[in-house]
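I have placed the structure first, in the form of structure tokens, so that the comments after it can refer back to it.
Along the sequence shown, residues carry numbers from 1.
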Amino acid sequence: MKQIFIISSLIFFCWTLAFAQEVDIKLYQKIPMRDGINLSANIYLPESEVESYPVILIYTPYVNDEAVERGMFFAKQGYIFITLDLRGRGNSEGEYRPFEKDGVDGYDAIQWIAKQDWCNGKIGMMGGSYRGMVQWMTLKNKPEALKTIVPTAAVGPGDDFPKEDGIFVDYALRWLNLTGGVSMNKSLFVNQDYWNSKSLKKYKESIPFKDWDVLALGKRNPIFQTWISHPDFDSYWQNFYPSKEDYKSFDIPILTITGYFDGDQPGAMNYYENHMKYGNSNSKSNHYIILGPWSHGGTRNPAIELGGLSFGGNSKLDMMQLHLEWFNWTLKNGKKPEFLEDRVSYYMMDQNKWKYANQIGNVSNDTITYYLSSPSSDAKLFINPGHLSSLKPSLSDTDTILYDPLDTANWVSYTGSDDYTAPIPIEEKGRVVYVSNALDADTPIVGRFEVALYLSLNVSDTDLQVSLYEINKVGETKYIGTDMLRLRYREGLNQPKLAVPGEVFFCKFNTPYFTALEAKKGSRLVLVINAINSPYLQKNYNSGKDVSTETREDAEKAEISIYHSPEKTSYIKIPVGLKN
């Protein structure tokens, strides 16, 4: 046995030695920025006689050690692979200020890399979430050596993080604490019980959102305070994005990747669709997008099960191989990845197949419009709901949602793992519900649904959410999509407009989430509209003031009236995809 152990150890030692000889690593290399700050890079180099290589760069707030596996993989495939710590993170110098200097620093890093003897002048970028966003920020500064980007689940600053539809999320502070030190604060980040308990305390005791940092971490967080000082989508947020002129000037191949259940899909689609709107024809023809049935993390590591939903094995793409084939095409003049049959690749859930289109507008060719009505109910009970009808209502009617921001007595959080198949409660505070007739055929829903409501409030502002579900013939529920909105932003996130109490206004929810599924014959569609009263979101106390500063003394009970009549037709439009 001892002899076998020695032989096995020698084999393992020789294997690891051979592995180490394939790749050289240079740790903590200093890359100078224009203001004298040095960023820290780990560089993975192929060990061969070739003098220079194309380079793949990941620019990360999660410190360089996160990408060892990817560094080894791409270096063995003939690339130099670099992970670069953001300013103030890991071994990089400077002050950590998320978003604020990432584009300029990315430009400076690429300029430096391009001048190194081991770089052949062709650089690509990859990475997900924050690492996806910084690719767009870097591209905005137009470094000549940047030849391609692969932004995955790219964050949209001020759009989907740290706030969505004008509503800040508790998670923003949790993330700031994860990335706020030199090293990662992972242990506290994953302590769900701790963060939930603090959110519940804030919720139950009506602690103003501006004090969320003191409550959770015992001190002010300057970045958090900067963020909440910009509640509108103002120039602070807008300046992080490419301009119309920037999009027009881009001229490199781009591969966008996002998922139907990716919390940063709004950001990813924002970049993609603005490029499609403002970009030049050559650049647009080389911008590909993949939309799959994935969560935020699943865009990097796809799974065939998610929140009670199941998908075909073909939905689980080999992302590392896909990236390799993309870089071989764009940086080494190889062939285009076979998977990319057209510029838009999207996965049809329920059919379990990939479909393709040459542009995003061609994934659907029709819409179903349902009008809201409740001629024989108040739409509050799921067993006696309002109606989604293909005909406009012939009578005038109004449904009312009541929301008391100080009512925290019976709030219940769903704790199951089947989030996307959980049943809809029969009764719930602050909610109305509308149900369609049974579908007379299988119906592919592909794209984004739109909800338009005629509303009036007795207060000047409140938060509202719309959600769409499918319920099949045996009563099983499937989530389709959701959208929420702080109603002062009904005319745009950059132009707040408080409501005039008692005055009817028109409000659209253009859900930012693209989806693709097949609703089955005999199923019914369910629209739920609810006031938002969650421990995990910035609570609106309905006073019309800066919501971060509101206290229980500002609280006003909201009455939200939804109108449906021949003159004021509230409706939902659902995109219907191609059946072939």
Side-chain angles (χ1 to χ4, degrees), residues 58-62 84 86-89 94-107 125 127-141 149 151-180 209 212-213 221-247 250 254 256-258 262-275 277-278 296 299 483-486 489 492-496 512-513 537-538 547-548:
I58 284 184
Y59 184 24
T60 180
Y62 302 114
L84 180 66
L86 257 67
R87 177 180 292 247
R89 296 291 296 128
E95 180 186 6
Y96 176 56
R97 298 282 302 182
F99 310 144
E100 295 181 6
K101 291 185 179 293
D102 296 337
V104 171
D105 285 352
Y107 173 89
M125 295 182 73
S129 193
Y130 198 104
R131 315 169 201 81
M133 172 197 70
V134 294
Q135 296 177 54
W136 285 105
M137 290 179 166
T138 301
L139 180 59
K140 176 182 176 179
N141 287 274
I149 61 173
T152 300
V155 170
D159 182 13
D160 58 38
F161 180 83
K163 58 193 176 88
E164 184 174 347
D165 295 309
I167 303 170
F168 283 95
V169 296
D170 285 12
Y171 174 81
L173 180 69
R174 184 175 172 181
W175 182 85
L176 282 174
N177 188 64
L178 170 70
T179 59
F209 194 74
W212 171 226
D213 51 358
N221 183 295
I223 300 168
F224 176 77
Q225 293 297 324
T226 296
W227 287 354
I228 64 172
S229 71
H230 295 277
D232 307 335
F233 190 71
D234 57 16
S235 60
Y236 174 80
W237 304 107
Q238 293 172 22
N239 288 338
F240 298 135
Y241 292 84
S243 66
K244 295 178 183 179
E245 292 72 25
D246 291 329
Y247 283 116
F250 296 158
I254 299 171
T256 289
I257 302 173
T258 186
D262 169 19
D264 285 315
Q265 191 202 122
M269 296 301 289
N270 184 321
Y271 300 115
Y272 172 78
E273 291 180 315
N274 275 321
H275 188 210
K277 184 176 182 179
Y278 302 117
H296 185 62
T299 58
D483 193 19
M484 60 184 186
L485 183 63
R486 180 153 290 162
Y489 296 120
L493 296 177
N494 61 337
Q495 44 185 345
Y513 290 93
L537 298 173
Q538 178 195 43
V547 179
S548 290

- Taking the six-membered ring for Trp, is the centroid-to-centroid distance between Phe209 and Phe224 below 6.0 Å?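 Phe209 vs Phe224: aromatic centres under 6.0 Å.
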
- Task: Would you check if the distance from the ring center of Trp212 to the ring center of Phe168 is below 6.0 Å?
- Result: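 Centroid separation for Trp212 and Phe168: 6.0 Å or greater.
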
Closest heavy-atom contact between [X] and [Y]?
X: Asn239; Y: Lys140; answer: O-NZ, 2.6 Å
X: Gln265; Y: Pro512; answer: OE1-O, 3.4 Å
X: Asn270; Y: Asn274; answer: OD1-ND2, 2.7 Å
X: Tyr96; Y: Pro61; answer: OH-CB, 4.3 Å
X: Pro98; Y: Leu176; answer: CG-CD2, 4.0 Å
X: Arg486; Y: Gly166; answer: NH1-O, 3.1 Å

Donor-acceptor pair, [X] side chain versus [Y] backbone, under 3.5 Å?
X: Asp213; Y: Asn221; result: yes
X: Tyr271; Y: Val155; result: yes
X: Gln238; Y: Phe233; result: yes
X: Asn141; Y: Met137; result: yes
X: Trp237; Y: His230; result: yes
X: Asp160; Y: Gly267; result: yes
X: Tyr236; Y: Gly158; result: no
X: Arg174; Y: Tyr171; result: no

What's the spacing between [X] [atom1] and [Y] [atom2] if we round to 0.5 Å?
X: Ile254; Y: Met125; atom1: CD1; atom2: CE; value: 12.0 Å
X: Leu493; Y: Asp159; atom1: CG; atom2: CG; value: 7.0 Å
X: Asp234; Y: Ser229; atom1: CG; atom2: OG; value: 8.0 Å
X: Asp105; Y: Leu86; atom1: CG; atom2: CG; value: 7.5 Å
X: Asp170; Y: Leu537; atom1: CG; atom2: CG; value: 7.0 Å
X: His275; Y: Thr256; atom1: NE2; atom2: OG1; value: 9.0 Å

Quick check: do [X] and [Y] have side-chain heavy atoms less than 4.5 Å from each other?
X: Leu178; Y: Tyr62; answer: yes
X: Pro242; Y: Phe250; answer: yes
X: Trp136; Y: Ile149; answer: yes

- Task: Carefully, step by step, assess Asp232 and Tyr489 under the rule side chain to side chain donor-acceptor pair (under 3.5 Å).
- Result: CA-CA 8 Å; Asp232 307 335; Tyr489 296 120; 2.5 Å; yes

- Task: Name all residues meeting the ring pair (Phe, Tyr, Trp, His ring centres under 6.0 Å) criterion together with Phe99; count only those two or more places apart in sequence or in a different chain, and write none if there are none.
- Result: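 For Phe99, the residues satisfying ring pair (Phe, Tyr, Trp, His ring centres under 6.0 Å) (neighbours in sequence not counted) are Tyr130, Trp227, Phe240.
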
- Item | For Tyr107, all residues meeting ring pair (Phe, Tyr, Trp, His ring centres under 6.0 Å), sequence neighbours excluded |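 Checked Tyr107 against ring pair (Phe, Tyr, Trp, His ring centres under 6.0 Å); zero matches.
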
- Message: Determine whether Met133 and Asp102 satisfy the following criterion, side-chain contact (heavy atoms from CB on, under 4.5 Å), listing intermediate values before the conclusion.
- Response: CA-CA 9 Å; Met133 172 197 70; Asp102 296 337; 4.2 Å; yes

